[in-house]
2 protein chains.
Amino acid sequence: MQFKDHKPIFLQIAELICDEILGGKYPEGERLPSVREYAAEVEVNVNTVVRSFEWLSQKDIIYNKRGMGYYTSLGAKETVRESLREAFFQETLPEFVGQMQKLGITVEEVEQAMK
Amino acid sequence: MQFKDHKPIFLQIAELICDEILGGKYPEGERLPSVREYAAEVEVNVNTVVRSFEWLSQKDIIYNKRGMGYYTSLGAKETVRESLREAFFQETLPEFVGQMQKLGITVEEVEQAMK
DNA sequence: TTTAGTGTATTAGTTTAATAGTACACCGCA
DNA sequence: TGCGGTGTACTATTAAACTAATACACTAAA
């Protein structure tokens with residue numbers, strides 16, 4: 001897997017899993033691949049995936065069953081969706097608008113480029 | 001100065017200088033503060049500012065006069081502007097649109113939030 | 001009970017960014 | 001010439017992220 005260099009890999013993996021949950025790959029209560037499997041899949045060290053899973057656990061997106069593995073929490077999809085929507089409107093959008101103003105880019109230019 | 005933790009400080013400083021050039025603070029051919037001055041201003045180590053200045057030199061945005069200091073290049077403002085516009089249309093905008101689609105956010109919602 | 005697959009814990013080493021302090025060559029100017 | 005301000009080079013240290021390898025307790029299933 002390709003990672004961007006400016007952001008910790010374990011966070012990029014956590015976000016990837018969020019995207020997969022959002023895309024329906026792991027329905028609520030579904031078991032995720034083990035840390036060793038996932039590490040092999042994205043070609044990364046096991047410890048890095050452990051950090052990603054712990055990060056997601058802390059956000060109540062997944063949880064652990066001792067000796068069995070990690071499972072998606074109830075309402076995980078909605079949790080992820082809400083979390084990302086909030087980040088979009090509170091951070092991404094203002095940043096986006098700020099850049100537009102700074103560079104003198106009009107709404108029309110954006111609409112034109114979006115096609 | 002406040003720095004974000006996920007991005008190298010020397011890059012954030014370089015971008016800050018780009019913004020200042022864009023804002024007209026350092027016209028073409030104008031001398032920048034010395035590395036020591038700038039380091040004191042943003043409360044950072046001298047070596048970090050050195051890296052920022054070297055990074056900007058490599059992009060032909062500023063240049064060095066031996067024993068005298070750094071100066072903005074001819075066309076620096078336009079160089080910065082073009083560079084940022086390209087990044088906007090090639091990276092920021094596609095990423096923005098991708099997030100909208102992923103989260104099911106409509107153009108109307110964005111327009112509403114922008115007010 | 002044994003076995004294989006879980007997560008977890010620990011230790012060690014590498015890399016990159018940043019800090020800190022020092023020394024040096026260059027330049028303008030008094 | 002000599003002084004003070006430039007950038008530059010160098011070494012050392014710290015912290016975070018990542019890699020690597022190992023050991024261990026837990027669980028389900030044979």
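Order of the sequence lines sets the chain letters (A, B, ...), proteins ahead of strands, with each chain counted from 1.
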(message) If hydrophobic residues (ILVMFWY) are linked whenever their side-chain heavy atoms come closer than 4.5 Å, directly or via other members, who joins A/M68 in its cluster?
(response)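 Noted: A/M68 shares its cluster with A/Y63, A/Y71.
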Donor-acceptor pair, side chain of [X] and main chain of [Y], under 3.5 angstrom:
| X | Y | result |
| --- | --- | --- |
| B/T72 | B/I62 | no |
| B/S52 | B/F10 | yes |
| B/T79 | B/I61 | no |

Dump the pairs, protein N or O against N or O of nucleotides 14-17 of chain C, anything under 3.5 Å, distances to one decimal.
residue, atom, partner, partner atom, Å
C/dA17, OP2, B/R51, NH2, 3.4

(message) According to side-chain hydrogen bond (donor to acceptor under 3.5 Å, both in side chains), who are the partners of B/K102, at least two apart in sequence or on a separate chain?
(response)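 Testing B/K102 for side-chain hydrogen bond (donor to acceptor under 3.5 Å, both in side chains), a comparison that skips the adjacent residues, returns A/D19.
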Assign [X] to base, sugar-phosphate, or nothing according to its heavy-atom contacts below 4.0 angstrom with the strands shown.
| X | answer |
| --- | --- |
| B/E37 | sugar-phosphate |
| B/V44 | sugar-phosphate |
| B/E43 | nothing |

Please state how far atom [atom1] in [X] lies from atom [atom2] in [N], giving the value in whole angstrom units.
| X | N | atom1 | atom2 | result |
| --- | --- | --- | --- | --- |
| B/Y63 | D/dT6 | OH | P | 16 Å |
| A/F3 | D/dA17 | CZ | C1' | 13 Å |
| A/E54 | D/dA17 | CD | P | 13 Å |
| A/L32 | C/dG7 | CG | C1' | 13 Å |
| A/R31 | C/dG5 | CZ | P | 11 Å |

(message) Once salt bridge (charged side-chain N to carboxylate O under 4.0 Å, His left out) is applied, do any residues pair with B/K7, and if so which ones, sequence neighbours excluded?
(response)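 By the salt bridge (charged side-chain N to carboxylate O under 4.0 Å, His left out) rule, B/K7 matches B/E15.
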(message) Taking A/R85 first and then B/E109, would you say they form a salt bridge - that is, a charged N and a carboxylate O separated by under 4.0 Å?
(response)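 Judged by the 4.0 Å cut-off on N to carboxylate O distance, A/R85 and B/E109 do form a salt bridge.
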(request) Look at B/S34 and D/dG5 and indicate whether a side-chain polar atom (N or O) is within less than 4.0 Å of OP1 or OP2. (result)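 Looking at the OP1 and OP2 atoms of D/dG5, neither is under 4.0 Å from any side-chain N or O of B/S34.
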(message) Does D/dG5 have OP1 or OP2 under 4.0 Å away from a side-chain N or O of B/Y70?
(response)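 No, outside the criterion.
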(request) Nearest 0.5 Å please: distance from the CH2 atom of B/W55 over to the CD1 atom of B/I17. (result)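 Going from CH2 on B/W55 over to CD1 on B/I17, the span is 10.0 Å.
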(message) Checking contacts here: which listed nucleotide (C/dT8, D/dG7, C/dT19) is nearest the side-chain heavy atoms of B/T48?
(response)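 Comparing C/dT8, D/dG7, C/dT19 against the side chain of B/T48, the answer is C/dT19.
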(message) Could you work out, with ring-ring contact (aromatic ring centres under 6.0 Å, His included) as the rule, every residue matching A/Y26, not counting sequence neighbours?
(response)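 Partners of A/Y26 by the ring-ring contact (aromatic ring centres under 6.0 Å, His included) criterion come out as none, since no residue qualifies.
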Enumerate the protein-to-nucleotides 21-30 of chain C contacts in which both atoms are nitrogen or oxygen and the separation is below 3.5 Å.
residue, atom, partner, partner atom, Å
C/dG21, O6, B/N47, ND2, 3.4

